[in-house]
Number of protein chains: 2
Amino acid sequence: MNATAAHPHEQSSRDKILDAAEGLFARRGYAAVGLRELAEVVGLGKSSLFHHFESKPQLYAAVSARILKRIDGCVERSLAAGGSAVQRLERLVEDLIDLLAAQPADARLLLRSLFEDDDLPGETPEEIESKGTLANIMSSISAVLREGMDAGQFRTVHVPHLLLTLIGQVVFPFASREFGADILGKDPFEPGEVKRRKRELRDLLRHGLLAPLGR
Amino acid sequence: MNATAAHPHEQSSRDKILDAAEGLFARRGYAAVGLRELAEVVGLGKSSLFHHFESKPQLYAAVSARILKRIDGCVERSLAAGGSAVQRLERLVEDLIDLLAAQPADARLLLRSLFEDDDLPGETPEEIESKGTLANIMSSISAVLREGMDAGQFRTVHVPHLLLTLIGQVVFPFASREFGADILGKDPFEPGEVKRRKRELRDLLRHGLLAPLGR
DNA sequence: GTCTATAGGGAGATAGAC
DNA sequence: GTCTATCTCCCTATAGAC
């Protein structure tokens, strides 16, 4: 995977920086994280960071791009696995939840990147690539929704609004470890809670909230 | 409403600061907003801010507390208006959407405050009050959900998980003006889109996503 | 590829005149 | 209640030795 790594088990400095930055940016946001602190976490001098990334914005763009690619990969694999539109959508939601649960920084950073566009200076190549990746994710999910509607498996809904709804209900609960834990009384990333979350969300999409008898 | 205002139509400096800070903090986050910039927007010198608020964290706490009170007031009024649990929940969701649509900064700042707890130093009196307000909001919504379940109007669901789901799907779409506009092709705060959002969300809660024929 | 040293600027906050 | 001037600290980024 990494052409420069003779020993795949040893993580390069670049990857160590990316991992540490991901955690810090996710928890506290771009502006609140200083390179001094990041360097401390990684175990390097502050200046050494600039040998791997040319600037702080560029580092953030790299972190953000890596997460978007991870999510895009998950979406593509999940939707490619076949089945009816209903099966594919339900599997997609489950797989995304598993991904977000396995990578605690992803949901926070994804959510941030969706409403912190003002944060970053501008138009590095990595940011442009990320825009494309994000657009690809959205269009893939839209496609399965439209497919299900066309096949008569889904109600007739407004696809863009449903897209926003799905993002909110899938991503948000994993974006806030502390608040989520307050509400649930348990760590949302704990396997049992993850499983329950998948079940509850699947049932809500299948049946809505109203009781069958009340219909 | 303001005891010190002889002329209610003239906004005090304190309120001007709160309004400007609310907009800036919502768009860019706590750490990214400098007091110099805030002072410029308000039209004051930087030092004058410290005559109205003792520190930046305390100012942020005041802004955050004001928003939480606004939302809490909306929740209490909406739930107090009576009707069945179904009617009260549906009205609550509609009223919250109207509030978030009317106050574009609220959704962003609320969402931030739900997953940026690490942002702020600690335990000012205003933050403790805010914690109580937030807890009150959550317990009020939980109450109507449990009531509907007990009355057999709602399916048997896991209330805390549904709470997280509702927050995500109600708040998130209004937290990101730019991304939301990209997805919808229109400004999410436009009256027509707000109306459609309320309808789509109500229908999703009533029926889920699956087509009636497919059941 | 990592380090020390430092430049250059902006941050939050204070002092004190008006 | 607002201002100017200033303090101290930390920020991103660079220079250059090893």
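So that the names make sense, note that chain A is the first sequence line, chain B the second, and so on, each numbered from 1.
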Legend entry - Cation-pi, B/Tyr30 ring and B/Lys56 (6.0 angstrom, 45 degrees): yes
Inset, instruction - Inspect the contact between B/Arg66 and B/Asp19 and indicate whether a charged nitrogen and a carboxylate oxygen are less than 4.0 angstrom apart. - result: yes
Legend entry - Selection: residues 33-44 of chain B, any non-hydrogen atom under 4.0 Å of DNA chain C: B/Val33, B/Gly34, B/Leu35, B/Arg36
Legend entry - Ionic contact status for A/Arg28 with A/Glu37, cut-off 4.0 Å: yes
Inset, instruction - State plainly whether the residues B/Lys46 and B/Glu40 are in salt-bridge range, i.e. N to O under 4.0 Å. - result: no
Legend entry - Residues which pass side chain to side chain contact (heavy atoms under 4.5 Å, CB included) with B/Glu200, listed by chain and number, not counting sequence neighbours: A/Val157, A/His158, A/His161, B/Arg196
Inset, instruction - Report the distance from atom NZ of B/Lys16 to atom C1' of D/dG1, rounded to the nearest whole Å. - result: 12 Å
Legend entry - Contacts of A/Val159 that satisfy side chain to side chain contact (heavy atoms under 4.5 Å, CB included) - sequence neighbours left out: A/Ser142, A/Leu145, A/Arg146, A/Met149
Enumerate, atom names and distances included, each donor-acceptor pair closer than 3.5 Å involving a side-chain atom of residues 97-106 of chain B, sequence neighbours excluded.
residue	atom	partner	partner atom	Å
B/Asp98	OD1	B/Lys198	NZ	2.9
B/Asp98	OD2	B/Lys198	NZ	3.1
B/Gln103	OE1	B/Arg70	NH1	3.4
B/Asp106	OD1	B/Arg70	NH1	2.8
B/Asp106	OD2	B/Arg70	NH1	3.2

Inset, instruction - Calculate the interatomic distance between A/Leu49 atom CG and D/dA13 atom C1'; express it in whole Å. - result: 11 Å
Legend entry - Residues in side chain to side chain contact (heavy atoms under 4.5 Å, CB included) contact with A/His52, at least two apart in sequence or another chain: A/Ser13, A/Arg14, A/Ile17
Legend entry - Side-chain N or O of A/Ser48 closer than 4.0 Å to phosphate OP1/OP2 of C/dG1: no
Legend entry - Whole-Å gap separating P (C/dT2) and CD1 (A/Ile17): 7 Å
Can you give me the N/O atom pairs linking the protein to nucleotides 14-18 of chain C at distances under 3.5 Å, or say none if there are none?
residue	atom	partner	partner atom	Å
C/dT14	O4	B/Ser47	OG	2.7

